[in-house]
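These notes concern the structure reproduced below.
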Amino acid sequence: MNLLSSSNDQHRMQCMEVWGGHQAVDRSLRMTGIDVVAFSRVYRDSDRGGDVLYISSCASGRISRVLIADVSGHGVDAQGIAKSLRDLMRKNINRIDQSRMMAEVNREFSEAQHSDRFATAVLVTYFLPTRSLVVSTAGHPPLLVYRHAQRRWECLTTIQPAKAAQASGLPFGISDEERYGTTRLQLEQGDLVLCYSDAFIEAVNANDEMLGVEGLLNVVRQYALDETQSLLPNVINHIESLNPTNLRDDDATAVLITPNEERVAFADNLKAPGRWLSGLWRS
């Protein structure tokens, strides 16, 4: 199952790259071990918004990371925050453990210059050697997970309720003493993971009732997965068809992740120490 289409709007992530920002995005990306489809729409089609999305690949390609931060306020300009988050993504790009980064991002929002801002967020790290996806959330909606073996979509809090609760914490910027846990998912070929901002569950149906997580699950379950690259566009079009304000009256971001069969190249193994040292120097 290949998430990527044959369009020219694909991006091949390079080792030690941090990609993204807080602008509109509609793109497929390939990394060693995972494929990603990234979508972000800015409130009322402004140039920049309050959802920050970053994706990174480490010095060898073994560690891939995705961060979605939903900054409080509709259409807020998160330029300063986006720059700080990019710096933290780069600083932590070669660390497998993401707990330190969660604490650093929380401190960033707790500092004086951001005292009037908080953010919900989800941070996921895929470690290729163990095919594991580690998840931490800060007041953010739960991930949706498709298990290819069972042919079923589920919410992370349903699959691993206790661990998912431990991995969740207060939004960033509420308390600088907050500690964020992790939960781990084992991913197999054909599995899918959907991360999204709250615009997707605050969208309304034809009766002006909020979709919520269960409503979003019901939408996702309606679409076949034989053409996986069309899944996210289909879900977005479906939600927009329910009400013209859906995904328009707030910043809206979603990322779809699936494992691929690509492995770390021999050359990347050789070059990884030099890239790591170069990254330390730049930091």
Of Thr158, Val145, Leu192, which is the lone residue that meets side chain to side chain contact (heavy atoms under 4.5 Å, CB included) with Trp153?
Leu192
Tell me if a side-chain donor or acceptor on Arg86 pairs with a main-chain N or O of Gly20 at a distance below 3.5 Å.
yes
Answer yes or no: is there an ion pair linking Glu240 with Arg41, defined by an N-O contact shorter than 4.0 Å?
yes
Test your reading of the model: is there a side-chain donor-acceptor pair from Asn205 to the backbone of Asp208, 3.5 Å cut-off?
yes
Can Val134 and Val124 be said to form a side-chain contact (heavy atoms from CB on, under 4.5 Å), step by step?
CA-CA 5 Å; Val134 175; Val124 299; over 6 Å; no
Short N-O contact, Glu188 and Arg147, less than 4.0 angstrom:
no
Tell me if a side-chain donor or acceptor on Tyr180 pairs with a main-chain N or O of Arg100 at a distance below 3.5 Å.
no
Option passing side chain to side chain contact (heavy atoms under 4.5 Å, CB included) with Phe127 (candidates Ser64, Cys58, Ser132):
Ser132
Using only heavy-atom distances, determine whether the side chains of Ser136 and Gln98 contain a donor-acceptor pair under 3.5 Å.
yes
Side chain to side chain, Tyr126 and Pro259, heavy atoms closer than 4.5 Å
yes
Would you say Val66 and Tyr54 make side-chain contact, with heavy atoms under 4.5 Å?
no
As an exercise, state the distance from OG of Ser56 to NZ of Lys91, rounded to the nearest 0.5 Å.
14.5 Å
Arg131 side chain to Pro129 main-chain N or O, any donor-acceptor pair under 3.5 Å?
no
Is there a donor-acceptor contact under 3.5 Å from the side chain of Asn260 to the main chain of Met31?
yes
Step by step, would you call Ile63 with Ile93 a side-chain contact (heavy atoms from CB on, under 4.5 Å)?
CA-CA 8 Å; Ile63 307 166; Ile93 197 168; over 6 Å; no
Side-chain contact, heavy-atom cut-off 4.5 Å: His22 with Asp51?
no
Keeping Asp251 on the side-chain end and Gly50 on the backbone end, is there a donor-acceptor pair under 3.5 Å?
yes
Check whether Gln186 reaches the backbone of Thr130 with its side chain - one donor and one acceptor, N or O, closer than 3.5 Å.
yes
To the nearest 0.5 angstrom, please state how far the CZ atom of Phe118 sits from the CG atom of Asn106.
13.0 Å
Quick one: do the Thr253 and Ser40 side chains pair a donor with an acceptor below 3.5 Å?
yes
Does Met102 reach the side chain of Thr182, with side-chain heavy atoms less than 4.5 Å apart?
no
Short question: side chain of Ser175, backbone of Glu177 - any donor-acceptor pair under 3.5 Å?
yes
Taking side chain as C-beta onward, heavy atoms only, is Asp191 less than 4.5 Å from Ile257?
no
Would you find a donor on one side and an acceptor on the other, under 3.5 Å apart, between the side chain of Arg90 and the backbone of Met16?
yes
Treating Asn246 as the side-chain partner and Ile239 as the backbone partner, does any N or O pair qualify as donor plus acceptor under 3.5 Å?
yes
Over 12 non-hydrogen atoms of neighbours within 6.0 angstrom of CZ in Arg184
no
Output the distance between atom CG (Asn94) and atom CZ (Arg62), rounded to the nearest 0.5 Å.
11.0 Å
Assess the side chains of Arg65 and Thr125: does a donor N or O sit below 3.5 Å from an acceptor N or O?
yes
Can Tyr196 and His140 be counted as having a side-chain donor-acceptor contact under 3.5 angstrom?
no
Got a second to check how far Asp250's CG is from Tyr43's OH, nearest 0.5 Å?
8.5 Å
Salt-bridge present (Asp87, Lys83; N to O < 4.0 Å)
yes
In this structure, are over 12 heavy atoms from other groups packed under 6.0 Å from Arg221 atom CZ?
yes
Qualifying residue for side chain to side chain contact (heavy atoms under 4.5 Å, CB included) with Val255, from Leu53, Leu67, Leu29:
Leu53
Arg30 side, atom CZ; Ser28 side, atom OG - distance, nearest 0.5 Å
10.0 Å
Calculate, to the nearest 0.5 Å, the distance between atoms NE2 and CH2 belonging to His11 and Trp19 respectively.
7.5 Å
Would you indicate whether Gln222, at its atom CD, is surrounded by more than 12 heavy atoms from other residues, nucleotides or ligands within a distance under 6.0 Å?
yes
Do Leu143 and Leu194 come within less than 4.5 Å of each other through their side chains, counting heavy atoms only?
no
Measure the shortest side-chain to side-chain distance between His238 and Val235 over non-hydrogen atoms and say whether it is less than 4.5 angstrom.
no
Any link between Val204 and Leu242 through a network of hydrophobic side chains (Ile, Leu, Val, Met, Phe, Trp, Tyr) touching at under 4.5 Å?
no
Are a donor atom and an acceptor atom from the side chains of Glu108 and Ser84 found within less than 3.5 Å of each other?
yes
Would you say the side chain of Leu217 lies within less than 4.5 Å of the side chain of Cys155, judging by non-hydrogen atoms?
yes
Should Val193 and Leu256 be marked as a side-chain contact (heavy atoms from CB on, under 4.5 Å) after you check the CA-CA gap, both sets of side-chain angles, and the distance that decides it?
CA-CA 6 Å; Val193 177; Leu256 188 65; over 6 Å; no
Electrostatic pair Arg12-Glu262, nearest N-O below 4.0 angstrom
yes
